[in-house]
Amino acid sequence: MSETTTYTGFWQESPRPGILGWLLTTDHKRIGILYLGSLISMFIVGACLGLAIRLELIAPGRTIMDAQTYNATFTVHGVIMIFMFLIPSIPAAFGNLLLPIHIGARDVSFPKLNLLSWYCYIIGAVLAVASIFGGGGAPDTGWTFYVPFSTQTSTNVSLAAFAAFMLGFSSILTGINFVTTVHRLRCEGMTWGRLPLFIWTLYATAWIQVLATPMIGITLVLIILERTFGAGLFDAARGGDPILYQHLFWIYSHPAVYIMILPGMGVISEVIPTFARKPLFGYWAMALSSLAIAFAGSLVWAHHMYASGMSDLAILVFSFLTFIVAIPSAIKVFNWVSTLYKGSIELAPPMLYALAFIFNFAIGGLGGLALGAAASDIHLHDTYFVVGHFHYVMFGGGGFALFAAMHYWLPKFTGRMYNHKVAVIGWALLFVGFNITYMAMQAVGIQGMPRRYYDYVPEFTTLNQVSTVGSWVMALGLIIMFANLWRGMRSGRPIGLNPWGAATLEWSIPSPPPLENFGEEDPVVTRGPYEFKGVVADEY
Amino acid sequence: MSIEHRDDTGDRFGMWLFLYTEVILFSGLFILYAMALAKFPQQYAEASHKLNIYFGSINTIVLLTSSLTIALAVSAIQMGRVKHCLNLCWVTVALAILFLVNKYFEWSAEISHGIYPGSEQLAEMGEGVTSFFNLYYFTAGLHGLHVLIGASLIGVVAVLTAKGKVTSDRYTLLENSALYWHLVDLVWIFLFPLYYLIL
Amino acid sequence: MTEHKHEPVPYRTFIQIWLALLVLTGVTIAVSRVNLGALNVWVALAVASVKSSLVIFYFMHLRQESRLFKICLLVMLVILAIFIGMTFIDVLYR
Amino acid sequence: MNLPTNPTAQAVDNVLIYIFGFSLLLLLGITVATIYLVIKYRRSKYPEPTSETHGSLWLEALWTLLPTLIVLTMFWYGWSNYLGLRNVPEGAMEVQATARMWSWQFEYPDGRKTSKLFVPVGQPVKVTMTSVDVLHNFFVPAFRIKRDTLPGIETYVWFQATEPGSYDIFCAEYCGTGHSAMITSVEALPPEEYATWAQPQQPSDEPRGLIVLQEQGCTGCHSLDGSDGIGPSLYQLSGQQRKLMADGQTKELTIDADYLRRAIRHPEAEIVEGYDPVMPAYDSDTLSEEDLQAVIDYLLGKVKKAEKAPLDARKLLEDSGCLGCHSEDGSEVIGPTFKGLGNREVVIERDGKEEKIKIDRDYLVRAIKQPKADMVKGYPPIMPAGDYLTDEEIDAIVDHLLKQ
Ligand code: HEA
Ligand code: HEA
Ligand code: CUA
Ligand SMILES: [Cu+2]
């Protein structure tokens, strides 16, 4: 057993020993690990609910649950996956783990606030779970909480809304922290032009978190007030306007989809150059397109509302702007692909996930174009095509990027390597199962099956069955992947500083990194993040 | 163990970012207001007359003055005049309480007239008026909550100042609380004309 | 990192600003009693903007802060204007 | 082909095909390029990269400009065809639709009300919509039209059926427990047939109360045959005992006219135990006093069903598609033949066990309503349940079959 001799870095070094050393830590790496653990747990809960949804839909009519339970199931599935899994996933877990190291700092600007943000997350998660079991029954509004249904239903909507409010607060605190850190704590020589792309995307994301999240905060508060006072804020008969609710909701929730994808794009922009051993193609285009997505993403929210009764002029404007956001995404895809040109490509597990990301994201994103065009959205709106679209971008994009990040960086933070063969098997099953599941959903959506449907007409049976079977393949892949990573972290072979031969700062310090990251002396950076000349990969 | 890291500018910058989130938070209510005003200009003017302009104006003066005192407190601590600073902080807190007391009387008067969210009487006055008062109560209520938080914050900082934890060398805490307080004032600067002065 | 501290602002400046704010408050109240139609709202907003600029630049020391702070404020205001303005595109033309 | 093209469906399909076509090309291009590059520049062949380039302004400009052009065409095409969905042609027939949890009601210019939307083929129809409770959405996949219905606000869609037939209407905005059951259909009739249908109605042979129940959408939540729905079934109410929750207390009463009146006018006051207080109140504007009386009489069984013209069972078999799978002449098609059915014995599988039974009325009813319950040995389980048939129709069919 080599355990005793291996170095354990921040896992052991701490001002406080034991469990308190974790619960009261202000170290960004430990907080990152806390986040990772909690959000993976939430992911597993949410994913099992997803499996239950698919099982119910294997045949028309009732199979395993009644309509009310089904409605609660997809609501909780959506709330968990969005607010508790994907929004915090990469920024809060890997952002915390890596942001300070990437810019050569000891920690983030506000370490205590960072811990507070994790506690807000935990409180939100606990309240959300409580809302499932509390008095009125699990919330059944869909994750969008549309009025007037959400103000009328007798389920625990207020509690769930408050939970989402806390999660939003947590996200805001992370955002404030990251913007400040990037501005204030870059080490000597870390110019804007030398920031790794991951940091650029985190920075853009953090701005969205700061400037958009409060809008969902006030929206949720209004729902709670409306439920307690019955004031009629969104009731047309009392001077309100139900469509305005949808504006407020999407003003946040559309930018939020870029909170989910941008950091993922950052991860892919780290992984691809490393495994092609070649500088990222078009660094500045990549950096600026991240900011462009963040900015333009705040201009397009009403594309979720083409069929809502909104004015036609608004449809014209928002449809136009929606297409504009697609352009920076296209730039990114083209740049990733051209980075491969004349490289030296190794298909290690993180790279496989990155390539799968590009494919899935392209399908999802191109599907987004059909949704962005006014005429076609009228047919596709609120059908399973939308469900397919967002699983492609959120799971196939955001989720796969998280898995890429886990395969890429977890060895760094645990000091141990997982089994590559098993990782490839898990990846293949996941990738194939994923595409079966969601391609079938897109197809059935084009045929006209509406979403949030407990029951469907018999014509849709076959495709739904295909989709359900696909979800089992995917489940198998996920279990293999998680099991392999877990075993690797516990008992894999120890690795050196730099197993992949990457050029960003974290690879120049021990694995796992020590408490102070860089020791007594702050680092001085003299080269860009993707200059691989002279970087040698350690054997592992 | 870790070397004390200090970045006052960074701390202030973080505070500004936080204030932006507060602005956006309130803006949700202002969006609702703007849309409803565009829809019911007449009824909004009518409803606005039902609010007591004296309460509103006095509260405006109270808040502006409290903003002055807390700004002075920051200058005082910078110049090392701790005693001055403490007095100014407590005056600010007192003004905040005055504001809330005023608000209390104003609201009780209105509620006793049957005007509050969800009331029957309100419903009879027409949709525009209902919408006006709904938004008025929610916006002013949220603002009142911020007054409460801001005043408590300043109270805590004043205690810390008295204990010597806030000094002419490190006063970011006071400065940031002052920033927060100014935000409370800023919101009111818009709230006041929009609700009390629509003609 | 260069530690940047502000010069204390003299009491007198603050008191002058406060007086200006009080005067402006008087102005909006007075203007609001004159019926200008739809213009009333715009005047009220204009005065409020002037008042808030005074608070932001003086009381909140923005004048003394670096350019970064000012740019960020501008970004926030632009986003805010977008949120409000673009919602009007729907509501006014429905 | 000179199939008439459906105007709204065509407008949407053009855009769908255009965007999906382009998307497919782009996806293929990107995927093929990626796979090619990954294989060509694999590390085993090129241990070191053969280029150190950081980018190219030219390429960058190219792939900013190209996507811009592509998406702008998509945008414009999408928008201009969308206008086709909004601009209602002259001379459209106007129908007023009301959505409620979980049923639709259509009101025609002559005041007639139905729960399915009957339209003549070839004429544009404008549906003006509103909702009485929460958001719903009028979605006809076949015509590619969709629009929310909002409480207190009017919205509209238009379409033109070009082929006679029945087209599904789904509710595509989540609205609670019965969301997925909020299905009805557009019944497009040839103009002549529509004209007959739209004739000033002869005094209908259905009791007035039943018509009202269907028009008002009561049957969306209440069954009339004793099966449980969102609300209690309205089957044989007379004399039944009810446990009610009122003001937080439970009480018990026997159903009578007074109670039914209260249950419909003020449903929130007394809630039947075990149900949610979701039933909307029907005031005298929605449900007139006479209609209410008719409903109550009907529910209490005070009206006898008028004698009806006997149903044509042969026609029913044909219309319902039964003859697609079952023959009448003894030949084996997909399912067992109907010939000689009346005096046959069959081997069925029930819960995995085989059993031989004599065909009787009960068995046939079950076979039509729940075909999966008893499977005739040797046939695949593909028969759809006949829940689109009314009880009378099933009765008529069974009578007919037994005589074979
Ligand atoms: C990670 C999350 C994520 C991301 C990144 C996106 C990205 C995009 N989304 Fe999606 N979307 C969601 C999550 C996301 N979406 C969710 C959750 C919903 C449903 C919410 C609900 O109702 O519950 C939704 C719904 C949704 C709708 C509303 C559908 C409806 O309900 O009617 C629309 C409509 O415009 C839309 C559009 C787009 C567009 C244009 C993009 C673009 O950003 C995509 C850009 C990407 C590409 C274009 C592909 C990559 C580029 C190439 C392959 C190169 C070639 C490209 C060109 C030449 C253009 N999305
Ligand atoms: C990140 C976001 C995310 C992710 C990853 C998923 C994952 C899945 N989702 Fe989700 N989904 C949403 C976000 C997401 N979903 C949202 C936002 C909605 C909208 C809700 C609404 O309408 O309000 C939605 C709605 C939605 C619907 C539509 C419901 C409806 O409209 O009626 C369906 C239907 O099939 C579905 C299915 C699935 C499935 C099968 C998975 C699968 O991918 C799950 C795969 C995972 C597994 C199969 C688990 C395997 C792992 C384990 C069992 C753990 C083992 C652990 C160890 C060994 C450590 N989802
Ligand atoms: Cu009605 Cu969904
Ligand atoms: Cu969107």
Side-chain angles (χ1 to χ4, degrees), chain A residues 67-68 71 142 146 148-149 152-154 236-237 242 276-279 281-283 285 307-309 312 315-316 319-320 323 326-327 330-331 333-334 337-338 340-346 355 358-359 362-363 366 369-370 373-376 378-379 381-382 448 450 452-458, chain D residues 11-12 15-16 19-20 23 26-27 30-31 33-34 37-38 41-43 46-52 54-55 60 63-64 67-68 71-72 74-75 78-79 81-82 85-86 134-135 137 139 141 144-148 150-153 155 168 170 172-177 179-181 276 384:
Chain A
Q68 186 61 32
N71 295 344
Y146 270 18
F149 185 76
Q152 290 177 6
T153 174
S154 54
R277 288 193 71 72
K278 210 180 135 243
F281 198 85
Y283 176 88
S308 69
D312 286 342
I315 294 181
L316 174 72
S319 173
F320 175 75
F323 280 101
I327 298 167
I331 295 175
V333 170
F334 293 132
V337 175
S338 24
L340 301 176
Y341 179 66
K342 292 201 174 172
S344 158
I345 297 164
E346 185 196 355
L355 295 175
I358 298 182
F359 182 74
I363 295 185
L366 291 166
L369 299 179
S376 42
I378 294 298
H379 179 57
H381 170 72
D382 265 1
R452 297 173 174 171
Y453 255 32
Y454 164 68
D455 191 3
Y456 49 84
V457 295
Chain D
V12 169
V15 181
L16 274 177
I19 295 184
F20 282 155
S23 300
L26 285 163
L27 180 67
I30 288 166
T31 313
T34 309
L37 290 174
V38 166
Y41 297 106
R42 60 191 182 275
R43 188 156 296 170
Y46 292 92
E48 283 303 316
T50 40
S51 151
E52 284 295 326
H54 283 263
E60 224 61 69
W63 56 59
T64 309
T68 310
V71 296
L72 286 184
M74 289 178 179
F75 154 68
W79 167 251
N81 281 10
Y82 170 75
L85 301 181
R86 302 303 297 153
V134 299
L135 305 182
N137 183 308
F139 175 32
R144 319 280 193 268
I145 52 168
K146 183 182 283 143
R147 197 79 171 169
D148 277 7
L150 301 103
I153 297 176
T155 52
D168 288 327
F170 295 132
E173 182 66 65
Y174 176 69
C175 55
T177 318
H179 167 56
S180 66
D276 291 331

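Chain letters run A, B, ... following the sequence lines, proteins first, then strands; residues in each count from 1.
- Closest of all the heavy-atom pairs between D/I19 and A/S376 is CD1-OG, 4.1 Å.
- For a residue to count as touching a neighbouring chain, one of its non-hydrogen atoms must lie under 4.5 Å from one of that chain's; by this rule D/T155 touches chain A with the side chain only.
- Residue with the most contacts toward chain D among A/A362, A/A67, A/S319: A/S319 (heavy-atom pairs, distance under 4.5 Å).
- Taking 4.5 Å as the limit, every side-chain heavy atom of D/T64 sits out of range of all side-chain heavy atoms of A/F334.
- Side-chain atoms of D/T177 and A/Q68 include a donor-acceptor pair closer than 3.5 Å.
- At a 4.5 Å heavy-atom cutoff, the contact between D/R42 and chain A is made by backbone and side-chain atoms alike.
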Original post:
When you look at D/H179 and A/Y454, which way does the ring-ring contact (aromatic ring centres under 6.0 Å, His included) test go after all the steps?
Top reply: CA-CA 8 Å; D/H179 167 56; A/Y454 164 68; over 10 Å; no
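- Proximity to chain D involves both the backbone and the side chain of A/L340, based on heavy atoms less than 4.5 angstrom apart.
- Taking OG from D/S180 and CG from A/N71, the interatomic distance works out to 7.5 Å, rounded to the nearest 0.5 Å.
- For a residue to count as touching a neighbouring chain, one of its non-hydrogen atoms must lie under 4.5 Å from one of that chain's; by this rule D/L85 touches chain A with the side chain only.
- The candidate with the highest count of non-hydrogen atom pairs below 4.5 Å against chain D, out of A/D312, A/T153, A/I315, A/V457, is A/D312.
- Within the 4.5 Å cutoff, the side chain of D/R144 has no heavy atoms near those of the A/I378 side chain.
- Taking the ring centroids of D/Y174 and A/Y146, they lie at or beyond the 6.0 Å cut-off.
- Here the side chains of A/K342 and D/P49 are not in contact, with every heavy-atom distance at 4.5 Å or above.
- Here the CG atom belonging to D/L27 is positioned 5.0 Å from the CD1 atom belonging to A/I363, to the nearest 0.5 angstrom.
- In plain terms, the two heavy atoms of D/S23 and A/L366 that are nearest each other are O-CD1, 3.5 Å.
- Residue with the most contacts toward chain D among A/Y283, A/F359, A/F320: A/F320 (heavy-atom pairs, distance under 4.5 Å).
- Among the candidates D/A181, D/S51, D/P151, the residue making the largest number of heavy-atom pairs closer than 4.5 Å to chain A is D/S51.
- Residue contact with chain D, scored on non-hydrogen atoms closer than 4.5 Å, involves the side chain of A/A330 exclusively.
- Atom CD1 of A/I327 and atom CH2 of D/W63 lie 15.5 Å apart (nearest 0.5 Å).
- For D/L150, the part lying under 4.5 angstrom from a heavy atom of chain A is the side chain only.
- Nearest heavy atoms, A/S344 versus D/Y46: OG-O, 2.7 Å.
- At a 4.5 Å heavy-atom cutoff, the contact between D/I145 and chain A is made by backbone atoms alone.
- Counting heavy-atom pairs under 4.5 Å between each of A/A373, A/A307, A/A236 and chain D puts A/A307 at the top.
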D/N137 and A/D382: CA distance, side-chain angles, deciding distance, side-chain contact (heavy atoms from CB on, under 4.5 Å) verdict:
CA-CA 10 Å; D/N137 183 308; A/D382 265 1; 5.6 Å; no
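- When all heavy atoms of A/I345 and D/L37 are compared, the pair lying nearest together is CD1-O, 3.6 Å.
- If you look at A/F281 and D/H54, their ring centroids are not closer than 6.0 Å.
- We find the CD-SG distance between A/Q152 and D/C175 to be 11.5 Å, quoted to the nearest 0.5 Å.
- The parts of A/S308 that come within reach of chain D are both its backbone and its side chain, each placing non-hydrogen atoms under 4.5 angstrom from that chain.
- Both the backbone and the side chain of D/E52 come within contact range of chain A, each with at least one heavy atom under 4.5 Å from a heavy atom of that chain.
- Both the backbone and the side chain of D/T68 come within contact range of chain A, with heavy atoms under 4.5 Å apart.
- Only the backbone of D/P47 comes within contact range of chain A, with at least one heavy atom under 4.5 Å from a heavy atom of that chain.
- For A/H379, the ring-ring contact (aromatic ring centres under 6.0 Å, His included) partners are D/F139, not counting sequence neighbours.
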